[in-house]
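What follows is a single structure, written as structure tokens, with notes after it.
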Amino acid sequence: MKTTYLKPWSLMIMFTLFFSVLSCSSSDDDTNQEDSSINSQILNLLNDHRSNLDLPSLAFNDYATTLAEEHSLYMATQDKMSYDNYQERASLLIKAENPTKMGESVASKYKTANNVVEAMLNNLDHKNNIEADFTHIGIGVSKSESGINYFSFIFLRK
């Protein structure tokens with residue numbers, strides 16, 4: 001789990017670390033529909049959990065979702081779960097969305113939305129992200145050639 005609290009001076013530092021990210025997407029419509037479906041299922045499960053705690057629902061953020069999808073594809077290509085290039089994603093998100101707080105969680109090997117959300121809720125760091133005062137989320141999932149699902153969750157407060 002990574003959480004970043006942003007201060008005015010950190011914005012200047014983050015902008016200097018700006019790198020371009022290549023957008024990668026699958027051309028397979030069935031895969032895109034499957035990914036979209038599991039993303040919606042995950043969001044519903046996360047919001048059900050937050051609702052049980054009287055926390056406001058998270059809303060999808062398109063740009064955070066794009067960054068999460070790119071990172072999930074990166075992990076699937078590497079066939080390794082990682083937080084590689086977190087600062088780069090943070091810089092891009094700061095520039096595009098100007099969040100006051102952001103965090104990231106990653107997971108792998110789970111086959112269903114229920115499985116990944118249950119696992120995240122059983123991990124204190126990921127659970128802290130889920131239950132924090134974030135307002136938006138980006139979710140990405142990508143399957144490696146070996147058939148392993150890689151998940152990325154980018155949380156932000158706007």
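Being a predicted model, the structure only gives us computed values, none of them experimental.
- Judged purely by atom type and a 3.5 angstrom limit, Asn123 uses its side chain to pair as donor or acceptor with the backbone of His126.
- Atom CZ of Arg89 sits about 8.0 Å away from atom CE of Met102, to the nearest 0.5 Å.
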Working note: Lys101 + Asp133, criterion side chain to side chain contact (heavy atoms under 4.5 Å, CB included); need CA distance, chi angles, decisive distance, verdict.
CA-CA 9 Å; Lys101 179 181 175 183; Asp133 60 348; 2.8 Å; yes
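- Between Tyr83 and Val106 the shortest side-chain heavy-atom distance falls below 4.5 Å.
- By the neighbour-count criterion of 12 heavy atoms within 6.0 Å, atom CG of Asp48 is densely surrounded, having more than that number from other residues, nucleotides or ligands.
- When side chains are defined from C-beta on, Leu67 counts as touching Glu70, because their heavy atoms get closer than 4.5 Å.
- Here the side chains of Leu53 and Glu131 are in contact, with some heavy-atom distance below 4.5 Å.
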Would you sort out whether Glu104 and His71 count as a side chain to side chain donor-acceptor pair (under 3.5 Å), showing the intermediate values?
CA-CA 11 Å; Glu104 181 175 84; His71 186 59; 4.7 Å; no
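- Contact annotation: the side chain of Asn39 approaches that of Glu69 to within less than 4.5 Å [non-hydrogen atoms, C-beta and beyond].
- The CG atom of Asn149 lies 6.0 Å from the CD1 atom of Ile38; values are rounded to the nearest 0.5 Å.
- Considering all non-hydrogen atoms of both residues, Ser152 and Met75 come closest at OG-CE, 3.4 Å.
- For the pair Val141/Phe153, no side-chain contact is recorded, criterion being any heavy-atom separation below 4.5 Å from C-beta on.
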Step by step, would you call Leu58 with Thr135 a side chain to side chain contact (heavy atoms under 4.5 Å, CB included)?
CA-CA 5 Å; Leu58 296 169; Thr135 58; 5.7 Å; no
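- Interatomic distance, CG of Leu45 versus CD of Glu118, reported as 10.5 Å (0.5 Å rounding).
- A donor-acceptor contact shorter than 3.5 Å is absent between the side chain of Asn129 and the backbone of Gly103.
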Could you check Asp84 against Tyr74 for side chain to side chain donor-acceptor pair (under 3.5 Å), going step by step and ending with a plain yes or no?
CA-CA 9 Å; Asp84 291 356; Tyr74 169 83; 2.7 Å; yes
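- Atom CG of Asn47 is separated from atom CD1 of Ile42 by 12.0 Å, given to the nearest 0.5 angstrom.
- Checking side-chain atoms of Thr77 against main-chain N and O of Leu73 turns up a donor-acceptor pair under 3.5 Å.
- Judged by distance alone, the side chain of Arg50 and the main-chain N or O of Ser57 form no donor-acceptor pair under 3.5 Å.
- Phe155 is not connected to Leu55 by any chain of hydrophobic side-chain contacts under 4.5 Å among Ile, Leu, Val, Met, Phe, Trp and Tyr, and they are in different clusters.
- Summarising the local packing, NZ of Lys158 is surrounded by more than 12 heavy atoms from other residues, nucleotides or ligands at distances under 6.0 Å.
- Formation of a donor-acceptor pair under 3.5 Å by the Asn44 side chain with backbone atoms of Ser40 is found in this model.
- Between the side chains of Ser37 and Gln41, a donor-acceptor pair is found at a separation under 3.5 Å.
- At a threshold of 4.5 Å between non-hydrogen side-chain atoms, the residues Leu156 and Glu97 count as touching.
- Without hydrogens or angle criteria, Ser72 side chain to Gly140 main chain gives a donor-acceptor distance under 3.5 Å.
- Distance alone, capped at 3.5 Å, places no donor-acceptor pair between the Tyr150 side chain and the Lys143 backbone.
- Ile154 approaches Ala64 most closely through the heavy-atom pair CD1-O, 3.8 Å.
- Side chain of Asn61 to backbone of His136: no donor-acceptor contact under 3.5 angstrom is found.
- In terms of heavy atoms, Ile94 sits closest to Pro99 at CA-CD, 3.7 Å.
- Nearest heavy atoms, Ala76 versus Ser144: O-CB, 3.3 Å.
- Between Leu43 and Phe60 there is a side-chain heavy-atom pair separated by less than 4.5 Å.
- Between the side chain of Asn115 and the backbone N or O of Tyr110, no donor-acceptor pair lies under 3.5 Å.
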